[in-house]
Novice: 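This is the structure I have questions about; it appears just below.
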Amino acid sequence: MQKIKKFYLIITILSFGFNSYAQKYKKPKNLARYDHQKIHFGFTLGINNLNFNHQKNSSTINNDSIKSINTISQKGFNLGIVSNLRLSKYTDLRFIPALVFGERKINYGFQDSAVINYELKRIESTLLDFPIHIKYKSERYNNFRTYVITGIKYSLDIASQARIDDEGKEIIKLKRNDFMAEIGFGIDFYLEYFKFSPQIKISYGLLNLLSEDNTIFSNSINRLTTNGWMLSFTFE
């Protein structure tokens, strides 16, 4: 019983000390009424890294001259406009249409007698992204808080070559429309005049983007989907 009383006494002293410390070093809040706004806007810019998930056509790989297929990610950049709707104290609904410039490569290995020769196919994309996210926020501490986001995104590739005559060049053609699932996290920093938020987000494509055109390059792949990450800096 005596030990229990000592334990509670120590906890009480430590709690009092912590509260005193927190009050002593508590900073004045920037933008104290910012999160009470029903709607606010901003803009975002950042970099991305796009790649493919691919499923090989085993019959083509085994019976043809193609011996290997490898995808190579590439860096790009993006910019967008932020619209934020406050749903509750800790939850927001966000719509962030963005223009995304990206590139991916597919490297094919061809068997030529005892030598394997490689042919690299470069695929450029200019995407109009229309994501809808739910943002879950932590409690604000001084002038920052953490958050996670999750949602879906419709993506339109305005540089798609699916309907373009390749003129014998045998390019890799992708479909224009894609849907993706997204998840990410970030930190809100409340500055004197605006809120600054670095954020990283991962995207997983749900649709097969490969446009079949009966070339050896498309016939060797059964399914081609997007994956990638995006590092963004938001100003609101």
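In this chain, residues are counted from 1 in sequence order.
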Novice: Could you check if a side-chain atom of Lys105 sits within less than 4.5 angstrom of a side-chain atom of Gln74, using non-hydrogen atoms only?
Specialist: yes
Novice: Quick one: hydrophobic cluster around Leu120, which other residues, with the 4.5 Å side-chain cut-off, linked directly or via members?
Specialist: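 Leu120 shares its hydrophobic cluster with Ile72.
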Novice: Same hydrophobic cluster for Phe144 and Phe194, using side-chain heavy-atom links shorter than 4.5 Å among ILVMFWY?
Specialist: yes
Novice: For atom CG of Leu99, decide whether the heavy atoms of other residues, nucleotides or ligands shown that lie under 6.0 angstrom number more than 12.
Specialist: yes
Novice: Between Asn117 and Phe110 (side chain of the first, backbone of the second, donor and acceptor by atom type, cut-off under 3.5 Å), is there such a pair?
Specialist: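 Not a single qualifying donor-acceptor pair exists.
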Novice: The test is salt bridge (Lys or Arg N to Asp or Glu O under 4.0 Å); show your working for Asp188 and Lys195 and say whether it passes.
Specialist: CA-CA 7 Å; Asp188 287 335; Lys195 185 175 70 173; 3.7 Å; yes
Novice: What verdict does the side chain to side chain contact (heavy atoms under 4.5 Å, CB included) test give for Lys173 and Ile123, after you've listed the backbone C-alpha separation in whole Å, the side-chain angles of each residue and the deciding distance to 0.1 Å?
Specialist: CA-CA 8 Å; Lys173 298 181 179 181; Ile123 304 170; over 6 Å; no
Novice: How long is the straight-line distance from NZ of Lys201 back to CD of Gln199, given to the nearest 0.5 Å?
Specialist: 6.0 Å
Novice: To the nearest 0.5 Å, what is the distance between CG on Asn227 and CG on Asn53?
Specialist: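 These two atoms lie 4.0 Å from each other.
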Novice: Which distance, rounded to the nearest 0.5 Å, do you find between the CG of Asn219 and the CG of Asn222?
Specialist: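 Here the rounded value is 9.5 Å.
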Novice: Output the distance between atom CD1 (Ile158) and atom CZ (Arg176), rounded to the nearest 0.5 Å.
Specialist: 8.0 Å
Novice: With the side chain counted from C-beta on, respond yes when Ser220 and Tyr108 share a heavy-atom pair under 4.5 Å apart, and no when they do not.
Specialist: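 Result yes, sub-4.5 Å side-chain heavy-atom pair found.
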Novice: Transitive ILVMFWY cluster of Leu31 at side-chain heavy atoms under 4.5 Å: who else is in it?
Specialist: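 Leu31 shares its hydrophobic cluster with Tyr34, Tyr190.
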Novice: Does a side-chain heavy-atom distance below 4.5 Å link Leu85 with Lys38?
Specialist: yes
Novice: Just to verify, what does Asn107 make a side-chain hydrogen bond (donor to acceptor under 3.5 Å, both in side chains) with, not counting sequence neighbours?
Specialist: none
Novice: Out of curiosity, does Leu231 fall in the hydrophobic cluster containing Ile149 (side-chain heavy atoms, cut-off under 4.5 Å, transitive links)?
Specialist: no
Novice: Check the hydrophobic clustering (I, L, V, M, F, W, Y; side-chain heavy atoms under 4.5 Å; chains of links allowed) and say if Leu191 and Phe43 are grouped together.
Specialist: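 Hydrophobic grouping puts Leu191 with Phe43.
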Novice: To check you understand the geometry: which heavy-atom pair defines the closest contact between Ser211 and Ser218, and what is its length?
Specialist: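 Closest approach of Ser211 to Ser218, heavy atoms only: O-CB, 4.3 Å.
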Novice: Report the C-alpha distance between Tyr136 and Tyr147 in whole Å, list the side-chain angles of each, state the deciding distance to 0.1 Å, and finish with yes or no for ring-ring contact (aromatic ring centres under 6.0 Å, His included).
Specialist: CA-CA 5 Å; Tyr136 301 97; Tyr147 66 87; over 10 Å; no
Novice: Output every pair passing ring-ring contact (aromatic ring centres under 6.0 Å, His included) with a member in residues 86-107, not counting sequence neighbours, ordered by first then second residue.
Specialist: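 For residues 86-107, and leaving out neighbouring residues, the ring-ring contact (aromatic ring centres under 6.0 Å, His included) pairs sorted by first residue read Phe77-Phe101.
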Novice: Test: salt bridge (charged side-chain N to carboxylate O under 4.0 Å, His left out). Region: residues 87-104. Which pairs qualify, not counting sequence neighbours?
Specialist: Lys89-Glu139, Asp92-Lys137, Arg94-Glu236, Glu103-Arg122
Novice: Looking at Gly205 and Thr225, what are the two nearest heavy atoms and their distance?
Specialist: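 Where Gly205 meets Thr225 most closely, the heavy atoms are O-CB, 4.0 Å.
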Novice: Once salt bridge (charged side-chain N to carboxylate O under 4.0 Å, His left out) is applied, what residue pairs with a partner in residues 218-227 remain, sequence neighbours excluded?
Specialist: none
Novice: Running the 4.5 Å side-chain criterion over Ile, Leu, Val, Met, Phe, Trp and Tyr, what cluster does Val82 land in, apart from itself?
Specialist: Ile96
Novice: Indicate, with yes or no, if Trp229 and Phe233 share a hydrophobic cluster defined by side-chain heavy-atom contacts under 4.5 Å among Ile, Leu, Val, Met, Phe, Trp and Tyr.
Specialist: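 Per the 4.5 Å side-chain linkage, Phe233 and Trp229 are co-clustered.
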Novice: Would you say Phe185 has more than 12 foreign heavy atoms packed within less than 6.0 Å of its CZ?
Specialist: no
Novice: Under the side-chain hydrogen bond (donor to acceptor under 3.5 Å, both in side chains) test, which residues partner Thr91, sequence neighbours left out?
Specialist: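 For Thr91 the side-chain hydrogen bond (donor to acceptor under 3.5 Å, both in side chains) partners, ignoring immediate neighbours, are Ser88.
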Novice: Just wondering, are more than 12 heavy atoms of other shown residues or ligands nearer than 6.0 Å to CD1 in Ile152?
Specialist: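 At most 12 heavy atoms, drawn from other residues, nucleotides or ligands, come within 6.0 Å of this atom.
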Novice: Once salt bridge (charged side-chain N to carboxylate O under 4.0 Å, His left out) is applied, what residue pairs with a partner in residues 142-154 remain, sequence neighbours excluded?
Specialist: Asp35-Arg145, Asp129-Lys153, Lys153-Glu182
Novice: Can a donor-acceptor pair be found between the side chains of Tyr154 and Asn177 at a distance below 3.5 Å?
Specialist: yes
Novice: Using side-chain hydrogen bond (donor to acceptor under 3.5 Å, both in side chains) as the criterion, list what pairs up with Thr146, not counting sequence neighbours.
Specialist: Ser138
Novice: Hey, any chance Leu207 and Leu156 share a hydrophobic cluster, counting ILVMFWY side chains that come within less than 4.5 Å of each other, even indirectly?
Specialist: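 In one cluster with Leu207: Leu156, yes.
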Novice: Test Phe52 against every option in Leu210, Ile172, Leu174 by the side-chain contact (heavy atoms from CB on, under 4.5 Å) rule and name the one that passes.
Specialist: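 So the option named by the test is Leu174.
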Novice: Decide yes or no on side chain to side chain contact (heavy atoms under 4.5 Å, CB included) for Ile183 and Val148, but give the supporting numbers first.
Specialist: CA-CA 8 Å; Ile183 188 169; Val148 296; over 6 Å; no
Novice: Let's go through Asn78 and Ser232 carefully: what are the C-alpha distance in whole Å and the side-chain angles of both, what is the deciding distance for side chain to side chain contact (heavy atoms under 4.5 Å, CB included) to 0.1 Å, and is it a yes or a no?
Specialist: CA-CA 8 Å; Asn78 46 274; Ser232 300; 3.8 Å; yes
Novice: Please identify each residue that fulfils side-chain hydrogen bond (donor to acceptor under 3.5 Å, both in side chains) with Thr234, with sequence neighbours left out.
Specialist: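 Partners of Thr234 under the side-chain hydrogen bond (donor to acceptor under 3.5 Å, both in side chains) test: Thr44.
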Novice: Any side-chain heavy-atom pair from Ile132 and Leu93 closer than 4.5 angstrom?
Specialist: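 Yes, their side chains come closer than 4.5 Å.
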Novice: Phe196: what forms a ring pair (Phe, Tyr, Trp, His ring centres under 6.0 Å) with it, not counting sequence neighbours?
Specialist: Phe235
Novice: Do Met180 and Thr226 make a side-chain contact, defined as non-hydrogen atoms from C-beta onward lying under 4.5 Å apart?
Specialist: yes
Novice: Using the rule given for side chain to side chain contact (heavy atoms under 4.5 Å, CB included), can you reason through Ile47 versus Met230, listing the C-alpha separation, both sets of side-chain angles and the distance that settles it, and then say yes or no?
Specialist: CA-CA 6 Å; Ile47 60 173; Met230 186 178 293; over 6 Å; no
Novice: Please name the pair of heavy atoms, one in Leu50 and one in Gly102, separated by the smallest distance, quoted to 0.1 Å.
Specialist: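 Answer, listing the atom of Leu50 first, then Gly102: CD1-CA, 3.9 Å.
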Novice: Are Ile69 and Ile106 close enough that some pair of their side-chain heavy atoms sits under 4.5 Å apart?
Specialist: yes
Novice: Are the side chain of Asp178 and the backbone of Ser155 linked by a donor-acceptor contact shorter than 3.5 Å?
Specialist: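 Side chain of Asp178 to backbone of Ser155: no pair is present.
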Novice: Looking only at heavy atoms, what is the nearest atom pair of Gly109 and Tyr118, with distance?
Specialist: CA-CD2, 3.6 Å
